[in-house]
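Order of the sequence lines sets the chain letters (A, B, ...), proteins ahead of strands, with each chain counted from 1.
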Amino acid sequence: MARFAAGKAPFLRAAHDKDYGTKVMMKDFLIALLPVILYAWYKNGIRVYMDGNITFLEMLYPLIFIMLGGIISSLMEGIFFFVTDKEHRTLKDISQKLSLSFAAIPGLILALLLPLYTPVWVLIFAAFVATIIGKMIFGGFGHNIFNPALLGYAVVGFTLMGVINNAGGLFNASEVLIDSYAGATPLGALAANKQIDYNILVKPYGDLWTFFIGNYPGALGETGTLAIFFGGLYLVIRKVIKWYTPVIYVGTVFVLSWIIGVISGDGGLWFPAYSVMTGGVMFAAVFMITEPVTTPTNILGKVFFALFLGVLTVLFRFVGSLPEGVGTSLIFMNIFTLPIDKFTGVIRTKRFQKPGGLYFGILSGLVILLALYTLLKAGNMYTAFIPFLGWVI
Amino acid sequence: MKNFKNYLPVIIISAVLVVVFVLGGMFSRYMTSQIDVHAEEQAIIEFNNSMLELVGSGEKVVEANYTDLEKEYLIPGFETQTYNPELTGSYKILNELDEEIAVVYVITTVGKFDGLKAAYAISLETNQLIDVLMIENNETQSYFDTLRDEFYAQFVDKDLNDAVFTIDTVSGATYSSLAFETGMKYARELYARDYNFEIPSIVYEITNVERNFDSATMVDKPYLVSITYDLDNKELVAYFDNEFNLVEVITGETPSETYLALFKNELPATTFIDVKTYITAFDETNKVITIETIGYGGKAITVAFQLNDTLDSVESMAITTTQTYDSDYNEGYAGGPNPAVENAYRDQYLADGTYIDAIGGATITSNAMIRIFDLVNDVLDNLNGGGN
């Protein structure tokens, strides 16, 4: 009879082994984030400085901002530890706890999700939501339901995006000079036009290679597809993440976007490629949906989680108020991590015997229904194909 | 003391957080403030690049800080009201050896509305206007857009030594055209002051312009003009046609082409008589005189007057007109559609020989009708001492 560990992830294979264990995983995670951080700094700081559009001090800002994210979330956790644990209040105790809690990571990811010109007080507020509300209140590392960084980002995204835009938003000093951008990100252009048109969605920003490199306007860490790919590759090689989770997620977004393109009369692969390289899909695929605490633990769970997430990402791009879709869908799916884990666990043990087959049918049916609904809700694109649906949906 | 020691870690962490908040906040505010600074810098770079592009050569743009000079020009559409154009910027264009090769004057003039700002580039090497660049304006865009490349091409390589320093205006955007012409003339005046350029001296004085009411020649030779011109005060009395081309010299010699071009340009601005209204035909047999003038929007109003046998009063009139009264400028008009205004003037004139002062919202058309009646009265007075 198969035996399963019940409880919250991460499950450590060999905590005493110097090659494995949470500490090593988190170190690898930080190493994988490095190319993304460096590219964000290069794109929004170094290169803009080399263009002659900003001063040396401004050139340092993107890097300092990202580092501040890590520092602020660590400080907040430190204060939380001090307040909640009266027995261990020395700096040494707090430092030890922080090193086991990997306090800097949510802050770093949070900073990478935010636009360049986010005021530091907004970062502090977001870090508070991420660290204290998203993580520590649930019991700290390993006990949180929501991805902490994403929770901080979502709260700020829904409440303070106006403040961020007033402070300068996400266009760096070189990007604001490019007339063809017309003040819109690629996904902003899709949300505004609801048209699958290469000349509107891609051409103003360059070509698909530009998107792959990440040289287009977007949040600090979300544009550098190539850098994210290297980070992901490193994590897969180091066996920190499973390769199929990001592949299924990205694949789902790709296929659904391609179908939407076909329905709207443009069957080119540029639109699905555009869809996966914009709006944080790649960043989420590598650094967020592979996070061991807030995503399912078993293989089938990961598969269903990635499928649902991919479908919802595309859906929210066409029906949500946040055009990137990734954050909203991931927060939403975090709620269902435990049920998915539970149902897929049963499916794995019972296979297609009752109730495994039923659960499998329900989950698969939900994915298919959601995918169909997404295709139908893809803005005004479907009406050309099946016009009468425009009257009822 | 012990308590303080217990709380020292949280005090330290909080202090660091406060420092991050304050310094980070200052840094992010600095970043935001720099956006405007960079936008301003970029605007200057773009403007300087546009200046270099205007000149077509040169390596560097240096602000010149030249000042205005007193020079009055007619406000387009007004016969006596004048204004002084405003020099809103001046720039020296330098070559790679830092030698000045051109100057650009940014001048604000008045077209249909105030605020037509344009840059006029002048070559120091050739004393020619290199080109003109429109920067901003408040003109009615649909009319302004009729100024196309052909219009702007007139400024390219225009010699500042030209005695007749004018351009052809574009119908429909006459006032805007005149604004550019005024800017060009003012730029030449500035250039003369700043670079010791000598504006060619054309001496002339239009001493009189009167209408020719001789029934046989008044259509072909409508204007009898007296002019004193040239440094040796040559006298000219001559007939000019409706477009101010010389038709016949009565006294003096035929002036040079330069002077003829100058007279053609300057005579329409004369204040002696109304030169917007012409006699286009006179049928002495049937006693019909046709008069045309320009009304609203540059559109003509033509009135054919049927005179009585003794040529001293009007019996009837036929009006040909396409005037409109409901444009942006005539929002106050509340009467009937075209040709209600013209008909109202006709009826009043035929009834008792008087004119309506003006019809609100259609003042340009009203003035045009009054000009026509003034002219027909003058014709009647001169043909047979009549008058309606």
With A:Leu112, the side chain to side chain contact (heavy atoms under 4.5 Å, CB included) member among A:Phe283, A:Tyr153, A:Phe65 = A:Phe283
Contacting region of A:Leu75 [heavy-atom separation from chain B under 4.5 Å] | both
Of the listed A:Ile94, A:Val176, A:Leu57, the one with the largest count of heavy-atom pairs under 4.5 Å with chain B is A:Leu57
Just say parallel, tilted or perpendicular for the rings of B:Phe155 and B:Phe151, cut-offs at 30° and 60°.
-> perpendicular
Would you mind telling me which of B:Ser28, B:Ser14, B:Ala39, B:Gly25 has the largest number of heavy-atom pairs within less than 4.5 Å of chain A?
-> B:Ser28
Derivation of the side chain to side chain contact (heavy atoms under 4.5 Å, CB included) call for A:Phe80 and A:Thr131 | CA-CA 9 Å; A:Phe80 187 88; A:Thr131 308; over 6 Å; no
Chain B contact via A:Leu91 - which portion, at a heavy-atom distance below 4.5 Å = both
Side chain, backbone, both or neither: which part of A:Leu123 has a heavy atom under 4.5 Å from chain B?
-> neither
Name the orientation class of the two ring planes belonging to B:Tyr186 and B:Tyr73 (parallel below 30°, tilted from 30 to 60°, perpendicular beyond 60°).
-> perpendicular
Side chain, backbone, both or neither: which part of B:Ile13 has an atom under 4.5 Å from a heavy atom of chain A?
-> both
N-O pairing of B:Glu181 and B:Lys185 below 4.0 Å = yes
Which portion of A:Tyr61 sits near chain B, non-hydrogen atoms under 4.5 angstrom | both
Would the B:Phe47 and B:Tyr91 ring centres measure less than 6.0 Å apart?
-> yes
Using 30° and 60° as the class limits, which term best fits the ring planes of A:Phe211 and A:Tyr205: parallel, tilted or perpendicular?
-> perpendicular
Please look at B:Ile12 and chain A and tell me whether the side chain, the backbone, both or neither of the residue comes under 4.5 angstrom of a heavy atom of that chain.
-> side chain
Of all of A:Val120, A:Ile124, A:Val83, which one pairs up most often with chain B through heavy atoms under 4.5 Å apart?
-> A:Val120
